[in-house]
Asker: 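This structure is in structure tokens; I'll ask about it shortly.
Heads up: numbering here begins at 1 and tracks the sequence. All of these numbers come straight from a predicted model, not from anything done at the bench.
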Amino acid sequence: MSPDNPDPERHVDDADRPAPPPPPGAAPAESAPAAPPPAAPPPGFGPGGGPASTAYPGEGAGSTAYPAEGAGSTAYPGEPEPAPDEPRRPLRTVATVLGAVLALAVLGGPLGLLWAVLAPDTPVLKTAEGAIYAEPQPEQPIAADGWFSLLGLAFGVLAALALWFLLRRRRGPVGLLGVVLGTLAAAPVAWQVGRRVGLPTFDRLLDSAPAGQAFTKPADLRAGGIDWLLGVVPVPHGNLLLPAFGAAVTYTLLAGWSRWPGLRPEPDPAAFSWVSAETPAPTAAPEPPAPGAAEPPRG
């Protein structure tokens, strides 16, 4: 007799048959207790005792999908959405270039005053035909050209650095165009302002001084000037091109050494977490039981 074979007279291997009726006067057999309701499966297991399936995002009705990224978004969960670039309006671009050109052209005035102070005057001698050099081979005109060249190169470098840091949102072709045109406009302004310092005094002495009197001539350029194309368009040449050359080279080097592909400062991706703090971490699914392993208790 065993729980699986309550009838002691029936062999275990016999087929199931109804139990014989109890003899008269025997007490009725106690009914078997009702089976307890199935307990809830432990975490990580399904109703049948097997491991619960782990649904990937979007699979299954009860699965926990990861937060969906917005359409067209390239940001990872937890990384701030990059701000869209500002619309490049033609009028704003033209205004930026004209503003840079005007500002640099105005700064050409102080540059010319500095050149007039540093460049030496050339001694001349009044004759009946006009003024001549007091020395056979004076070095002052060469020094004036040299000072203008050095100051022009330094002005171009400083102008490129200033526009690079001030116009961060316009870095690139717009900034390069503005600094080149601005330094091209500043060079003639500096030349005309510098050469006119002391020029009225020189013209007065040239007209009224007697022959044989010595005086000085203000600094002027011999290796640079302006040619007029068709009598309308001014074309600078010589020393007047050095400020624009220095500005173009400096701005190009700054763009080439920039660590940002777009030349604009960008947020460092290492400062942001790849996983958002609000996104719950997915629960690791338990490994399925090995073949032949005992099943977990079912309650």
Side-chain angles (χ1 to χ4, degrees), residues 69-76 79-115 148-149 151-194 196 224-269 271-272:
E69 298 178 356
S73 172
T74 57
Y76 291 92
E79 183 178 355
E81 187 73 17
D85 293 339
E86 294 183 355
R88 297 303 182 90
R89 299 178 181 178
L91 294 180
R92 183 176 299 179
T93 302
V94 173
T96 302
V97 173
L98 291 180
V101 172
L102 181 60
L104 293 177
V106 171
L107 292 177
L111 177 64
L113 294 177
L114 180 61
W115 172 59
F148 190 89
S149 300
L151 293 175
L153 284 175
F155 179 81
V157 171
L158 294 178
L161 291 173
L163 262 67
W164 176 265
F165 290 105
L166 293 178
L167 300 180
R168 293 187 177 184
R169 296 182 179 274
R170 297 294 179 180
R171 288 178 180 176
V174 175
L176 180 61
L177 181 63
V179 73
V180 170
L181 293 180
T183 48
L184 280 177
V189 173
W191 171 41
Q192 292 299 321
V193 170
R196 293 180 186 277
I226 295 180
D227 295 333
W228 292 90
L229 181 63
L230 302 178
V232 178
V233 181
V235 180
H237 63 87
N239 293 10
L240 298 182
L241 297 177
L242 290 178
F245 174 77
V249 171
T250 304
Y251 200 92
T252 304
L253 290 178
L254 290 174
W257 291 340
S258 177
R259 60 173 177 169
W260 297 295
L263 302 182
R264 301 180 182 181
E266 300 175 359
D268 189 3
F272 301 99

Asker: What is the minimum heavy-atom distance between L163 and A100, and which atoms define it?
Answerer: CD2-CB, 3.8 Å

Asker: Grab the two heavy atoms, one from A160 and one from A247, that are nearest each other, plus how far apart they are.
Answerer: CB-O, 3.5 Å

Asker: Does the side chain of L184 reach to within under 4.5 Å of the side chain of L241, using non-hydrogen atoms?
Answerer: yes

Asker: State, to 0.1 Å, how close S149 and N239 come at their nearest heavy-atom pair, and which atoms those are.
Answerer: OG-ND2, 3.3 Å

Asker: What's the separation between atom CZ in F155 and atom CG in L242, rounded to the nearest 0.5 Å?
Answerer: 13.0 Å

Asker: Work out which heavy atom in V180 is nearest to a heavy atom in A248; give both atom names and the distance.
Answerer: CG2-CB, 4.0 Å

Asker: Drop me the distance from L254's CG to L161's CG, to the nearest 0.5 angstrom.
Answerer: 5.5 Å

Asker: Looking at CG of L111 and CZ of F148, how far apart are the two atoms once the value is rounded to the nearest 0.5 Å?
Answerer: 6.5 Å

Asker: V157 pairs by side chain to side chain contact (heavy atoms under 4.5 Å, CB included) with which of T183, T250, V249?
Answerer: T250

Asker: What are the two closest heavy atoms between A186 and L104, and how far apart are they?
Answerer: CB-O, 3.2 Å

Asker: If every non-hydrogen atom of L240 is compared with every non-hydrogen atom of P188, which pair is closest and at what distance?
Answerer: CD2-N, 4.3 Å

